[in-house]
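Below, all heavy atoms of this structure are taken into account, side chains as well, without hydrogens, waters or symmetry copies. What you see is a predicted model; the values in this text were computed from it and never measured.
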Amino acid sequence: MPDQFEKLQPHEFYKLIDGYEAREKENDFKRAYFTSWLIAPHLKEPITVQQIMKPLHESREDQLKKAAEDRNILLKEFGLREPERK
């Protein structure tokens with residue numbers, strides 16, 4: 001690992017991660033755009049870029065909702081109950 005990573009502050013490291021994710025999302029959008037044009041002639045109803053992008057990049061709210069659903073399934077499966085919150 002390069003020495004620069006060891007010298008980073010946590011907030012700087014998180015900004016690097018955010019920048020990487022933003023670049024990946026932009027690249028995925030470009031790929032989805034061209035993919036939609038490539039497969040459009042073969043479909044009755046063309047697929048949109050948003051339809052391709054949705055499973056690739058879930059919103060934060062969707063991620064939290066899925067995590068809560070997974071937690072409830074786990075608690076139910078093992079017969080546990082939700083801890084009481086004060």
Side-chain angles (χ1 to χ4, degrees):
M1 184 181 259
D3 292 338
Q4 293 86 359
F5 285 118
E6 294 177 5
K7 296 177 183 176
L8 288 176
Q9 295 292 319
H11 70 278
E12 294 172 328
F13 180 72
Y14 289 127
K15 286 187 185 237
L16 283 174
I17 292 173
D18 291 341
Y20 171 78
E21 289 174 350
R23 279 192 314 276
E24 284 299 307
K25 187 172 183 177
E26 186 177 319
N27 287 335
D28 287 343
F29 185 84
K30 289 177 188 176
R31 290 182 195 114
Y33 173 79
F34 289 112
T35 301
S36 70
W37 276 101
L38 285 170
I39 63 174
H42 306 288
L43 302 173
K44 289 182 182 178
E45 292 183 22
I47 190 167
T48 64
V49 174
Q50 288 74 21
Q51 289 172 318
I52 296 172
M53 287 291 290
K54 187 173 182 176
L56 296 177
H57 297 279
E58 294 178 334
S59 68
R60 183 72 177 147
E61 294 82 24
D62 291 340
Q63 290 175 350
L64 292 174
K65 187 188 299 183
K66 184 166 177 11
E69 290 172 4
D70 290 345
R71 179 179 171 79
N72 290 335
I73 291 169
L74 180 71
L75 291 173
K76 184 178 177 183
E77 188 70 28
F78 288 100
L80 302 173
R81 57 187 168 97
E82 190 74 30
E84 295 181 19
R85 298 179 188 210
K86 296 179 181 180

Enquirer: According to salt bridge (Lys or Arg N to Asp or Glu O under 4.0 Å), does anything in residues 31-40 pair up with another residue at least two apart or in another chain? List the pairs.
Expert: D28-R31
Enquirer: Do M53 and L56 have side-chain heavy atoms sitting under 4.5 Å apart?
Expert: yes
Enquirer: Check for me, please, whether I73 and L75 land in the same ILVMFWY cluster - side-chain distances under 4.5 Å, paths through other members count.
Expert: no
Enquirer: Apply side-chain contact (heavy atoms from CB on, under 4.5 Å) to L38 and list each qualifying residue two or more places apart in sequence or on a separate chain.
Expert: none
Enquirer: Apply side-chain contact (heavy atoms from CB on, under 4.5 Å) to F34 and list each qualifying residue two or more places apart in sequence or on a separate chain.
Expert: none
Enquirer: What distance do I47 atom CD1 and I39 atom CD1 have between them, rounded to the nearest 0.5 Å?
Expert: 5.0 Å
Enquirer: Kindly give the heavy-atom pair with the smallest separation between V49 and Y33, and that separation in Å.
Expert: CG2-CA, 3.6 Å
Enquirer: Please name all residues satisfying side-chain contact (heavy atoms from CB on, under 4.5 Å) with Q9, sequence neighbours left out, ordered by chain then number.
Expert: H11, E12
Enquirer: Drop me the distance from H57's NE2 to E24's CD, to the nearest 0.5 angstrom.
Expert: 7.5 Å
Enquirer: Would you say L80 ends up clustered with L74 if hydrophobic residues are merged whenever their side chains have heavy atoms under 4.5 Å apart, either directly or through other cluster members?
Expert: yes
Enquirer: Start with the C-alpha gap between K66 and D70, add the side-chain angles, then the distance that decides, and say whether salt bridge (charged side-chain N to carboxylate O under 4.0 Å, His left out) holds.
Expert: CA-CA 6 Å; K66 184 166 177 11; D70 290 345; 3.6 Å; yes
Enquirer: If you look only at pairs with a residue in residues 42-51, which of them pass as a side-chain hydrogen bond (donor to acceptor under 3.5 Å, both in side chains), with sequence neighbours excluded?
Expert: T48-Q51
Enquirer: For Q63, does the CD atom sit with more than 12 other heavy atoms under 6.0 Å from it, leaving out its own atoms?
Expert: yes
Enquirer: Can you tell me how far CG of D18 sits from CZ of R23, rounded to the nearest 0.5 angstrom?
Expert: 11.0 Å
Enquirer: For residues 47-60, which residue pairs qualify under salt bridge (Lys or Arg N to Asp or Glu O under 4.0 Å), counting only residues two or more places apart or in two chains?
Expert: none
